[in-house]
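Worksheet: one structure, shown below.
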There are 2 protein chains.
Amino acid sequence: MSIREIQDLGLTRQREVVLRVIRDAEEHLTANEVFDNAKRLLPGISFATVYNSLRFLKEAGHIAEIRFGNGASLYDRKLARHDHAICTKCGVLVDIEMEHPAELVELAARYSNFKPESLDFTLRGICPDCNK
Amino acid sequence: MSIREIQDLGLTRQREVVLRVIRDAEEHLTANEVFDNAKRLLPGISFATVYNSLRFLKEAGHIAEIRFGNGASLYDRKLARHDHAICTKCGVLVDIEMEHPAELVELAARYSNFKPESLDFTLRGICPDCNK
DNA sequence: ATTAGATTTAGAATAATTCTAATTCTAAGA
DNA sequence: TCTTAGAATTAGAATTATTCTAAATCTAAT
């Protein structure tokens with residue numbers, strides 16, 4: 001994940017920085033956190049530009065937006081399609097990387113009559129830490 | 001779904017009204033829409049009370065909150081656990097009522113190490129209307 | 001009737017996100 | 001290289017969604 005790799009996407013400097021911040025983050029970030037981190041790399045960047053860039057990168061498929069019950073959207077580098085688990089006790093959000101059972105999308109499409117594009121799920125439960 | 005049935009839950013008048021509005025709605029409603037409809041049934045009700053009631057009813061398990069990429073939360077009568085499909089073209093949100101493949105929760109729990117409580121998914125795709 | 005606790009109310013406050021208008025950048029053509 | 005049109009950025013205001021606050025009201029149990 002070199003700078004070069006990001007630059008080759010033909011992004012503006014601001015969008016590069018936003019993408020970099022998200023890719024370098026250990027956790028999922030809010031727009032506000034992205035802004036704070038981006039400002040360190042590119043002090044002049046504005047809040048509106050962060051939002052614009054997040055929208056742009058989302059539409060271009062480089063990142064994903066996730067939303068839950070409370071508060072702000074979280075942004076997720078999008079290395080590959082994946083699902084999420086959220087702890088009902090402490091609220092931590094983690095990624096799940098697994099294949100879906102073969103018939104899942106097919107079933108969902110059949111029941112809804114939608115032409116399916118993607119499917120993602122959220123598991124709610126107790127995280128390993130809270131479960132001790 | 002008589003008034004009686006709702007009253008027996010031991011709710012305040014305001015909470016009854018909020019629950020009734022959500023149960024009577026054809027579609028998923030935003031808090032704002034719930035407020036508008038509730039005001040017709042109980043003119044003095046305040047916005048804060050609608051939010052308080054939504055939170056209360058959600059915690060009591062009578063309704064569910066759903067959030068997607070843009071804008072406000074939607075509220076969902078909770079007749080039974082169910083999933084959602086959202087149209088990537090027109091944005092319409094519909095319910096999917098189906099059983100999950102048996103191994104889905106189990107797999108997700110195994111991969112995340114969570115103690116599972118519930119799982120719900122969102123199918124993204126093109127709705128029948130947009131697909132014509 | 002009294003009272004404690006929960007609920008509601010109105011409106012202010014906060015938080016999240018988008019909009020606006022002016023400015024700057026960029027890439028393509030003259 | 002100069003010009004220019006369109007896109008992107010900026011600062012800050014505006015909007016939208018939600019929560020908070022403090023006072024008033026209701027409720028159920030003494």
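Computed from a predicted structure; not experimentally measured.
- If you take NZ of A:K58 and C1' of C:dT18, they are 12 Å apart, rounded to a whole angstrom.
- Residue B:Y51 has no polar side-chain atom (N or O) positioned under 4.0 Å from OP1 or OP2 of D:dT19.
- Contact check, B:T12 against D:dC26: no side-chain N or O comes under 4.0 Å of OP1 or OP2.
- In this entry the distance linking CG of A:L42 with P of D:dT9 reads 10 Å, nearest Å.
- With D:dT9, C:dA10, C:dT8 as the choices, the nucleotide that has an atom nearest any side-chain atom of A:N52 turns out to be D:dT9.
- B:Q14 has a side-chain polar atom (N or O) that falls below the 4.0 Å cut-off from OP1 or OP2 of C:dT9.
- When rounded to the nearest whole Å, the span between CD of B:E16 and P of D:dC26 equals 16 Å.
- For the pair A:E65 CD and C:dT17 C1', the interatomic distance rounds to 10 Å; values are reported in whole Å.
- For an aromatic pair to be called close, the ring centres must be under 6.0 Å apart, and B:F121 with B:H100 satisfies this.
- Hydrophobic clustering of Ile, Leu, Val, Met, Phe, Trp and Tyr side chains at less than 4.5 Å, counting indirect connections, unites A:V17 with A:F35.
- A:R15 has a side-chain polar atom (N or O) that falls below the 4.0 Å cut-off from OP1 or OP2 of D:dT9.
- Between B:K58 and B:E65 there is a salt bridge, since at least one side-chain N of the basic residue sits less than 4.0 Å from a carboxylate O of the acidic one.
- Rounded to an integer number of Å, the gap from B:L54 CG to C:dT7 P is 15 Å.
- Across the protein-nucleic acid pair, A:F35 atom CZ and D:dG12 atom C1' stand 12 Å apart, rounded to whole Å.
- Taking the side chain of A:A31 as heavy atoms from C-beta on, and the options D:dT19, D:dT10, C:dT17, the nearest nucleotide is C:dT17.
- When all heavy atoms of B:H82 and B:R77 are compared, the pair lying nearest together is CE1-O, 4.0 Å.
- For C:dT17, neither phosphate oxygen OP1 nor OP2 lies less than 4.0 angstrom from any side-chain nitrogen or oxygen of A:R55.
- OP1 or OP2 of D:dT18 lies within a sub-4.0 Å distance of a side-chain N or O belonging to B:S73.
- Which of C:dC19, C:dG11, C:dT17 sits closest to the side chain of B:A48 comes down to C:dG11.
- Heavy atoms of other residues, nucleotides or ligands lying less than 6.0 angstrom from CZ of A:F47 number more than 12.
- One interatomic measurement links the two molecules: CD1 of B:I45 to C1' of C:dT9, which rounds to 10 Å at whole-angstrom precision.
- Nucleotide C:dT14 holds its C1' atom 15 Å from the CZ atom of B:F47, rounded to whole Å.
- Taking every side-chain heavy atom of B:A72 into account, D:dT18 is the closest of C:dA16, D:dT9, D:dT18.
- Contacts of A:T49 with the nucleic acid, taken as non-hydrogen atoms under 4.0 Å apart, include base atoms.
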